[in-house]
Amino acid sequence: MRDLYITNTLSRTKEIFKPINPGRVGLYVCGPTVYGDAHLGHARPGVTYDVLVRLLRHLGYKVRYVRNITDVGHLEHDADEGEDKIAKKARLDQLEPMEVVQNYTLRYHEAMRMLNVAPPSIEPRASGHIVEQIEAVKKILASGYAYESNGSIYFDVQKYNADHHYGVLSGRNLDDTLEGTRNLDGQSDKRAPYDFAIWKKAEPQHIMRWPSPWGEGFPGWHLECSVMGEKYLGHEFDIHGGGMDLMFPHHECEIAQNVASRGTRGVHYWVHSNMITINGQKMGKSLGNFITLPQLFAGEHDKLEQAYSPMTIRFFILQAHYRGTLDFSNEALQAAQKGLRRIMAAAKDLYALASAAGVERTSVGTEGHPANQMSYGEFITSIAPESSAAENAEVKAIFDGVYDALCDDMNTPIALSHIFDAVRIINTAKDRKLVLSKNDLATLCQIFDDIVFGVMGLRDEDASEGTSAKVIDGLMQMVLETRAEVREQAKQTKDWSKCDQIRDALKALGITVKDGKEGATWTIE
RNA sequence: GGUGCGUUGGCCGAGUGGCUAGGCACAGGUCUGCAAAACCUGCUACAGUGGUUCGAUUCCGCUACGCACCUCCA
């Protein structure tokens, strides 16, 4: 199995990935708090960890991927003083909190499905693990790192920090943290401002509440991930991912809770995906500068010049490394859209070339293959039994380059740069200016099947599917065959009007015809 | 105020102590009845400033600007 390197936030360095159990990976990723539509920012970790999971699986690991849904305990403004986000939304919309949760969970699933993000193995909800969370609170109390205050339980950060280091992940020390923390106005039940709630007493008007040894209340936000991670992945597991903004305090608190409740930090590799910015500023709910995914897909937002397809978004994200910020702009999205189309067009041509050469694709079946909407005209490209050594070398170099890049901290932009080299080679071969051997074609198919469609999870959105697609294919073939005859005549008579007329008429229907050497090809918008 | 990160060509974005991705845009060319596509060529950038070095965009220092976290945020 190929070595995979990944940047571990704990060490701030790229480390070789060694799973706890050979051949198996436990992965936990912080999912959304479902009180609103997912925005472009949510697409980033969605796609990033999807690629990680696909890559691990492709490399041969069995992966258990847990991604939670936060449906209780996440408070606004101040982690311990604000109103529950879900409850607030429910109050404003006059709905049951669980109606809000259900609605936005479904909408989140739909957005992820459109982005071709594979669903997690387990998708636990905080509200479904109240019992486990109460048990964890008891353990933390027993360890001495928490105290009860007026019906709520708080984590005693100072005491914990004396024995362990509160700040191992975010790289800060408690004194520094203290400096920037604003003072509380004596209203708080907390002993210190940096203490955080692991169980919160429910005020009389609070809707979501559960009985506990300390009275009716609800769990603190940070606790759910500790508890659900342990329940489904064990005391210690391999990878924990999330957005960079969750590093502190959320993930830091998680580590502290793990140590306090089960005596281990729990996670071997912490992975963080960076933010998407807009005009250089973080896109976020609190800043109000976000564009939701449904808005992006529909083009309905005053910052959008057009609609952007889910795959355009996915490709846009893939073109940047996950640890860097990525700036949104219409120009950048449009560039992504065009680049993606070029790759997809090359994929179709590659499969046609390979098919003509009798290449059997071994790895078909991953998912998301473009329907082979084939063009009129056969690719009768002559296939040499063995091509020049130089070409073989380049194809091989692309293959190696792609794997090297992906295994080097998931460097998707570099991998894509190699893919574009492949695109160029395919196009050249299509123009008959280059002869690819059967082996070369097989290798290229493997790259597209396994990597472009498999690991990167791209798919051809233009490819039509189903029975109507078959009908269209057949009709188009008839139309273009007829036009080809007209065209042959036109070559003699120099009267191209009929020929162009057909093409214009098709264009009006959204079908673009391109006259190539081997005949005409078409694409539908 | 504390902590950390960044500043790359028209735009987006990689990367490296010397050979200096890729996409998009732009210009020229080839092909083509035209169109489109494709291919070829061109565009050589690393904020400023000192230092280390035979050599720095890449290492170190300083300056400027920007960003993130320290409240909820993917």
Side-chain angles (χ1 to χ4, degrees), chain A residues 12 29-33 38-46 48-49 74-83 85 167 170-173 175-182 193-194 221 241-250 252 272-277 280-287 290 315-316 319-321 323-340 342-343 345-346 349 401 405 411-421 423-424 426-428 430-431 433-434 487 490-491 494-496 499-500 503-504 507 512-517 520-521 523:
Chain A
R12 313 254 157 185
V29 176
C30 290
T33 300
H39 59 72
L40 182 54
H42 292 92
R44 189 101 194 253
T48 300
Y49 298 111
H74 203 165
L75 308 184
E76 289 196 313
H77 309 306
D78 185 292
D80 299 316
E81 305 301 326
E83 186 176 2
K85 286 171 189 266
S170 55
R172 55 187 83 203
N173 63 61
D175 294 336
D176 294 338
T177 305
L178 187 55
E179 280 196 51
T181 312
R182 61 183 176 179
Y194 38 71
W221 175 43
M244 206 79 102
D245 51 353
L246 296 181
M247 194 165 76
F248 189 92
H250 187 55
E252 198 71 71
H272 289 97
S273 58
N274 215 320
M275 302 292 106
I276 286 183
T277 59
Q281 264 204 320
K282 173 181 167 179
M283 185 180 283
K285 289 211 168 159
S286 49
L287 288 166
F290 63 92
F315 184 78
F316 172 66
Q319 267 196 312
H321 187 84
R323 291 189 55 82
T325 56
L326 172 59
D327 200 51
F328 162 89
S329 72
N330 281 283
E331 220 178 343
L333 259 324
Q334 282 156 11
Q337 185 179 49
K338 289 183 184 173
L340 175 64
R342 225 174 119 218
I343 291 178
D349 291 335
N411 199 326
T412 51
I414 290 290
L416 281 171
S417 77
H418 293 302
I419 298 297
F420 276 106
D421 285 339
V423 167
R424 199 193 66 247
I426 292 163
N427 285 331
T428 308
K430 187 194 167 195
D431 281 357
K433 287 171 183 159
L434 173 74
R487 206 153 165 260
K491 277 184 184 171
K494 301 290 172 198
D495 176 17
W496 300 96
C499 195
D500 292 344
R503 193 172 61 190
D504 291 346
K507 182 79 189 168
T512 306
V513 174
K514 295 175 197 166
D515 292 314
K517 276 188 180 148
T521 59
T523 49

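Numbers restart at 1 for each chain; the letters A, B, ... are given by sequence-line order, proteins then strands.
With rounding to whole Å, A:K491 atom NZ is found 10 Å from B:U32 atom P. Between the NZ atom of A:K507 and the C1' atom of B:A37 there is a distance of 12 Å, given to the nearest Å. Atoms CZ (A:R12) and P (B:C5) sit 7 Å apart, rounded to a whole Å. Atoms CG (A:N274) and C1' (B:G6) sit 10 Å apart, rounded to a whole Å. Straight-line distance from the CG atom of A:D515 to the P atom of B:U32: 13 Å, rounded to whole Å. Put simply, CE on A:M275 is 13 Å from C1' on B:C72, counting in whole angstrom units. When the P atom of B:A25 is taken as reference, atom CG of A:N330 falls 15 Å away, rounded to whole Å. One can place CE of A:M247 at 15 Å from P of B:C72, the figure rounded to the nearest angstrom.
In the set B:A68, B:C11, B:C24, B:C11 carries the atom at the smallest distance from any side-chain atom of A:E331. You'll find that the side chain of A:K85 is closest to B:C72, out of B:G13, B:C72, B:A74. Among the nucleotides B:G13, B:C70, B:A14, the one closest to the side chain of A:L326 is B:G13. Side-chain proximity of A:D500 to the nucleotides B:C24, B:G33, B:C72 is greatest for B:G33. Closest to the A:C499 side chain, of the nucleotides B:G13, B:G33, B:C39, is B:G33. The nucleotide whose nearest atom lies closest to any side-chain atom of A:F420 is, among B:A38, B:G23, B:G33, B:G23. Here the nucleotide nearest the side chain of A:A335, chosen from B:C24, B:C69, B:A74, is B:C24. Closest approach to the A:P413 side chain among B:A14, B:A74, B:A25 is made by B:A14 (side chain taken as heavy atoms from C-beta onward).
Residue contacts shown for A:G280 are limited to sugar-phosphate atoms, with no base heavy atom under 4.0 Å away. Within the nucleic acid shown, A:H39 comes within 4.0 Å of at least one base atom, counting heavy atoms only. Using a 4.0 Å heavy-atom distance criterion, A:S286 is classed as a base contact. Contact annotation for A:M283: base contact, defined as any heavy-atom pair under 4.0 Å involving a base atom. Here A:I419 lies out of heavy-atom contact (under 4.0 Å) with every strand. When heavy atoms are screened at a 4.0 angstrom cut-off, A:D327 is found touching the sugar-phosphate backbone but no base atom. Heavy atoms of A:V29 sit nowhere under 4.0 angstrom from any nucleic acid atom.
No donor-acceptor distance shorter than 3.5 angstrom exists from the side chain of A:E76 to the backbone of A:G82, with no hydrogens or angles considered. Within the 3.5 Å criterion, the main-chain N or O of A:A405 finds no donor-acceptor partner in the side chain of A:N411. Not one N or O on the side chain of A:R323 forms a donor-acceptor pair closer than 3.5 Å with the backbone of A:S273. Within the 3.5 Å criterion, the main-chain N or O of A:G242 finds a donor-acceptor partner in the side chain of A:Y49.
Note on A:K282: every side-chain N or O is 4.0 Å or more away from OP1 and OP2 of B:C67. Between B:G23 and A:R342, a contact under 4.0 Å exists linking OP1 or OP2 to a side-chain N or O. Here A:N411 reaches the OP1 or OP2 of B:G15: one of its side-chain N or O atoms lies under 4.0 Å away. For A:R424 and B:A21, the shortest distance from a side-chain N or O to OP1 or OP2 is not below 4.0 Å.
Between the side chain of A:R503 and the base of B:C34 there is at least one donor-acceptor pair of N/O atoms closer than 3.5 Å.
Comparing A:D421 and A:I276, the nucleotide of RNA chain B nearest to each residue sits closer to the 5' end for A:D421. Map A:S329 and A:K514 each onto its nearest nucleotide of RNA chain B; the residue landing nearer the 5' end is A:S329.
A:F315 and A:F420 have perpendicular rings, their planes meeting at more than 60° on a 0 to 90° scale where under 30° would count as parallel.
Considering only residues two or more places apart in sequence or on other chains, A:Q334 meets the side chain to side chain contact (heavy atoms under 4.5 Å, CB included) condition with A:E305, A:Q306, A:Y308, A:N330. Scored by the side chain to side chain donor-acceptor pair (under 3.5 Å) test, A:D500 finds no partners at all (sequence neighbours excluded).
Shown are A:N274, A:T277, A:D245; of these, the side-chain hydrogen bond (donor to acceptor under 3.5 Å, both in side chains) with A:K282 is made only by A:D245.
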I would like to know whether A:E252 and A:M247 meet side-chain contact (heavy atoms from CB on, under 4.5 Å); could you show each step before the answer? CA-CA 6 Å; A:E252 198 71 71; A:M247 194 165 76; 6.0 Å; no

Pair A:D421, A:R424 - check salt bridge (Lys or Arg N to Asp or Glu O under 4.0 Å), show working. CA-CA 5 Å; A:D421 285 339; A:R424 199 193 66 247; 3.4 Å; yes

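On the P atoms, B:A45 is 10 Å away from B:U57, given to the nearest whole Å. Atom C1' of B:U53 sits at a distance of 12 Å from the matching atom of B:G18, rounded to the whole Å. Taking atom C1' in both B:U20 and B:U58, one finds a spacing of 10 Å when rounded to whole Å. Between B:U41 and B:C11, the distance separating the two P atoms is 25 Å to the nearest Å. Spacing between B:C72 and B:C24 at atom P, rounded to whole Å, works out to 43 Å. Straight-line distance between the C1' atoms of B:C31 and B:A35: roughly 13 Å, to the nearest whole Å. A distance of about 15 Å separates the C1' atoms of B:C43 and B:G29, rounded to the whole Å. The same atom, C1', is picked in B:A21 and in B:U16; the two are 11 Å apart, to the nearest Å.
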A correct dot-bracket answer for RNA chain B, with pairs being Watson-Crick or G-U at under 3.5 Å, [ ] for crossing pairs and | for inter-strand pairs, is ((((((((.[[[)....(...]]].(((((.......)))))....[[[[[..)....]]]]])))))))....

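In this structure, A:R172 satisfies the cation-pi test against A:F248, with its NZ or CZ atom closer than 6.0 Å to the six-membered ring centre and inside 45 degrees of the ring normal.
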